[in-house]
Structures are given as C-alpha cells and as structure tokens.
**Q** 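I'd like to ask you about the structure that follows.
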Amino acid sequence: MALLVTERGLRDRRRGLVGWALGIAGYVVLQTSFFPSVQSSDLQRAVASYPKELKAFFGGAQAFNFSTGRGYLEVELFSLIIPALLTIAAIAFGVGALAGEQERGTLDLLLANPITRRRVVAEKAVGMGVTVGALAAVVFVMLLVMDPAVDLRVGVVNLAIACLGAALLAYGFGALAMLAGAATASRTLALAAPAALFTAAYLVVGLAGLVSWLEPFRLASPLYHATGTHPLSNGLPAANYAVLFGWCAATVLATVLVFERRDLVR
Amino acid sequence: MDAIRTESLTKSYGRARGVVDLDLSVPSGTIFGFLGPNGAGKTTTIRILLDFLRPTSGDAVVLGLDSRRDSVEIHRRIGYLPGDPALYDRITGRDLLDWLGRLRGGVDRPYLDALIERFAIDPDRPIRQLSRGNRQKIAVVQAFMHRPELLVLDEPTSGLDPLVQHEFQELCRETTASGATVFLSSHVLDEVQHLCDHVAIIREGRLVAIEDVDAIRARAVRDVTIRFAGSFDADAFAALAGVRSVTVEGPVLHLQLSGNADPLVKLAAQHDVVDLVSAPADLDDLFLHYYEGEESNGAARH
C-alpha cells in the first residue's frame, strides 16, 4: 500500500527541504574550503595555549587537531554544527507532524479516512527518516566532493559512519518532538522539549570533561553516543549504533502508544 | 436499523462541558438535525462518533459498528465534514480531492467531477488562495465524493452563501433519497427546519427534546415588529395567546410570538399598519423558552 501520508508530508515540505539542503551544502563547502589555510596556519599552536578547561569542554586536546582533515571536520562540523542542523530540521518535521497538524486542524481531515492512528504515526516517522536521511546524504556527498579539492583524506567509510551517527541523533530528537506533540498537541511544547533536551545532552557531554562526577552521566546523552568518541577518526562501535537505533525506535513506539490513546480535542 | 445510536453516552473532560447521558438514535435514510447553541456538546458528540474522542462511559454505535473497536471500518463508510474545516492548503482543490480519494482506495471519478462542477469549485487554484466559502465547498465535496452510507456534517453550511446552501440542501435530499443518512449539526434553527426530517436538541451536554420539526416550529419564538400609523393598545397585544416581551417605542411595537400568528395579525389589522416584520425564529430565544420552563419548575420546588 502506498505511503500516502508520507507523500503528503514530504510534498508539503518540499520547498523547506530544498532550502535546508542548499544551506547545509553551502555551509559544508564554505567550512571545508578554509581547511588548507587553517592547516598551514599557526592556529594549532594557538589552540595549545587555550585554557585547559575550554579544551576539556570540547573533548580534550584531541578535539583540536587541525593538522588532519578528519580532526578539522570533527571540530568544525561533526562535534556540533552538523548534528545540530540535522536535529533542528528533524525537530521542525516532528513538530509539524502531529502537533502542527492538530493545531491547524488538518488532522481531522486526515484521521476521518480509513486509516489507523498507528499508521499515521508510522508514515510520519518514515517521512522524517527520509528528510533527515536526505540531509545527511547531502553532507556525505558534499564532503566527498570537497575531499579531493582540499585534500581532506577523510575516507568514505568513516565519513558514512559519522553521517549516519549524526542522522540517528537528529532523528531521535525529531521523534521526541513527535512524541511531545502527540502527548500535548502543543507546537510550543513539541518544540521546546527536544530543544531543551538537546541542549542538556550537549552540556552533559562537555561538562563531563571538566567535572569528574558527571562522567557516567554522559552515557545518558545521545550526543555522546553519536559524536563523543570522534567517529570520523575512530569509527563508531556497534554498541553506539544499537543505543541510537534503540532510542529512535523506542521514541517512535512511545509516540504510537501515546497518540492512539489521546483524546483529539479540537 | 439506526445509522447512529448512542446509549448513555457521557464525556467529561477538562473545563469543557462535554456530554451527559446522551441517548440518540438517528434512523437510516433520514436527514437528522443536531441542534444546539455553540458549546452545547454537538462537536463533542460528533468527535466521539469519529473516535477522535473516547467516551467516559456509554456507547456509540455507528452503522451497527462500535465507535472505538471498528473506527477504521466506520471511517470507510462515512463522510465527515469537520466544523470550520482546515484543509491542506498548499495544493489545489483537485490535488487534495484526488489525494483524499486515494486514501479511500479510489473514488467515483465522474461523480467527483460532477460535484466539482455543481458547486462551481475552481479546482486548479491553491486552496490557500480561495475564500472561506470556496474552501467550505471543497470540504463539503470531500465528504460526499465517495458516496458514503452516512454523512456526519459539523455545521456544514457555515460560510456558504445562500445559493450554495440551497445546492447543499438539494444534495442532502438526493443523498438520502438514494438510501444514505445525513446527520448534521447546526445552531441555525431555520436551516434545520427546512432540511431535516428529525431534530434533536442539545443544551449543556444533555438532550433536550426529540420531536418532529413541525412541533419545534410551533414552539419556536419569532421576533415581531409592527409599526403603526396611529395609536394602539399595547396591553391588548400583550393579552394575546403566545405573545410576550411586549415593548413599545413610540409608534413601534416589539413582541415575541410563539405558535399561531393569526390572532396577532387579526388584532393588528384593526389598526393602520405601516410595516410588519417577523424575524426568523432565533435559536437563542428557543432555548430561552426551555430555560424558563426549567427555572419555573425549579422555583416551584423551592
């Protein structure tokens, strides 16, 4: 059976998605084109004199390796910017998926059809996967394109690993937006809940480098599993993927359970 | 068999009033009006039938199916028009109707085209560029286009101009003539009077009365204004059966009339009448009627 709800969601967001893709592609091109000049500059020595707390927050001295393409991309793209951009796009989708449709009133029109609520959530989840996947693919392709031009030597496999990790991370926060929207029907809360959690997850990973008692807690942060261990240089253990996959799947499942039970008040 | 039957249907939630112990039966093949002021519980009831809301207690049976367990099958067999409907408005009317048709596994294309033509819908403009009335027409068509056995229409005529309202009423009559049932909510007595075979009235979540349209019309209150050329005796008018709330403004007499208009007209005819206006029965007045009945009962008990 055709995924008609997925199709509607993607078609209606077509323009936004193209805008996101162009923006991300442009950012990747811009950022990578600086690499040769950074590599040959004295920035590496300047970083050595940064306060150690600052370095610790961003993942220790290893996080500031500007001499290799991998190290550079890790700092400039994969530690925060790319995951954050993908996450924002995913949250935007997740907010619109249920809370947005309910606030606008189109959910009534949709659910009056012979379709289960479960299926509606599932098709929306597929649409969000397509959206996040497409944007992660843009990052992947643009870096492959830029690689020879600026001599990044990043490696296709590690690049794919890092992009997939960022995509799963973003998807999980998008799913949280859907869940919050399913539970509250409020676009504001659907936006605020995952945004706050992303911020908290980011801070926990950074502060864990400074405050030793926080260290165990970083395991609770999805950001740690997706980006905390420098996937571009080191790859990503299967366990990390399992955690990220499990988190995404559990959040979508929770969304189904919550949405099926919810009274849809107009 | 009843197209819709509710038994002791109760829904309480939040600050909204919901519905209380609603026993409703809508005979198949009729146009059934569900009448009540805004906030009375009409939309709540309809949303329970659609399984958007789950009853606190009681049952709702639609086309012989349980509203909760068989919601997908019910949706397959009904057409629904939400109150103040929101449409996916970035696409054209035709694209929206096509898409909704595909969600239902295909529609009768010639019938859909006939409906589009009948309601003079511009199918090729993005919906967001259309006026409210034109959007409402698309919403009406999507409810009818798959020839459902039961139509559940929440305030269907709001936003439609009189000509389109007439077309809508014709469509309802044709639809029931072919065996389907139309269940529509309204807060406009006039509309229900002209269109519906049966009427149920709901107020503050409770069913007030189920009776045939003529009986309601007979009890309905009309606002009558008469302008006289000469003097007249207001007390004589106030003494007539069915007349109340008499006020006088110079040569103009205002009153409310329920029931037969004949005594009033005969009395007025003894004077020189410059102008006479009888406003269509107002639902608020009709409800005032019920309120007063209830309050006097309450007063008698004290």
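In what follows, chains carry the letters A, B, and so on, assigned in the order in which the sequence lines appear, proteins first and then strands, with residues in each chain numbered from 1.
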**Q** Is any side-chain N of the basic residue among B:K42 and B:E155 closer than 4.0 Å to the acidic one's carboxylate O?
**A** yes

**Q** Flag the one option from A:V265, A:T106, A:L107 with the top tally of heavy-atom pairs under 4.5 Å to chain B.
**A** A:T106

**Q** Ignoring hydrogens and angles, tell me if any N or O in the side chain of B:S67 forms a donor-acceptor pair with the backbone of B:D51 under 3.5 Å.
**A** no

**Q** Heavy-atom distances under 4.5 Å only: say whether B:I91 touches chain A with side chain, backbone, both or neither.
**A** side chain

**Q** Is the number of heavy atoms from other residues, nucleotides or ligands within 6.0 Å of CZ (A:R262) greater than 12?
**A** yes

**Q** Contact part of B:Y88 toward chain A, heavy-atom cut-off under 4.5 Å: side chain, backbone, both or neither?
**A** both

**Q** Looking at A:E7, A:R261, A:R11, which has the largest count of heavy-atom pairs under 4.5 Å with chain B?
**A** A:E7

**Q** Please identify, among B:R90, B:R47, B:R76, the residue contributing the most non-hydrogen atom pairs under 4.5 Å to chain A.
**A** B:R47

**Q** What I want to find out is whether B:E174 reaches B:R147 closely enough, with some N-O distance under 4.0 Å, to be called a salt bridge.
**A** no

**Q** Of A:V256, A:L264, A:L110, which is the lone residue that meets side-chain contact (heavy atoms from CB on, under 4.5 Å) with A:R117?
**A** A:L264

**Q** For the aromatic rings, using the six-membered ring if either is Trp, is the centroid distance between A:Y171 and A:W247 under 6.0 Å?
**A** no

**Q** Relative to chain A, which segment of B:L87 carries a heavy atom at a distance below 4.5 Å: side chain, backbone, both, or neither?
**A** both

**Q** Given a strict heavy-atom distance threshold of 4.5 Å, which part of A:E103 is in contact with chain B: side chain, backbone, both, or neither?
**A** neither

**Q** Looking at B:R104, B:H146, B:Q142, which makes the most heavy-atom pairs under 4.5 Å with chain A?
**A** B:R104

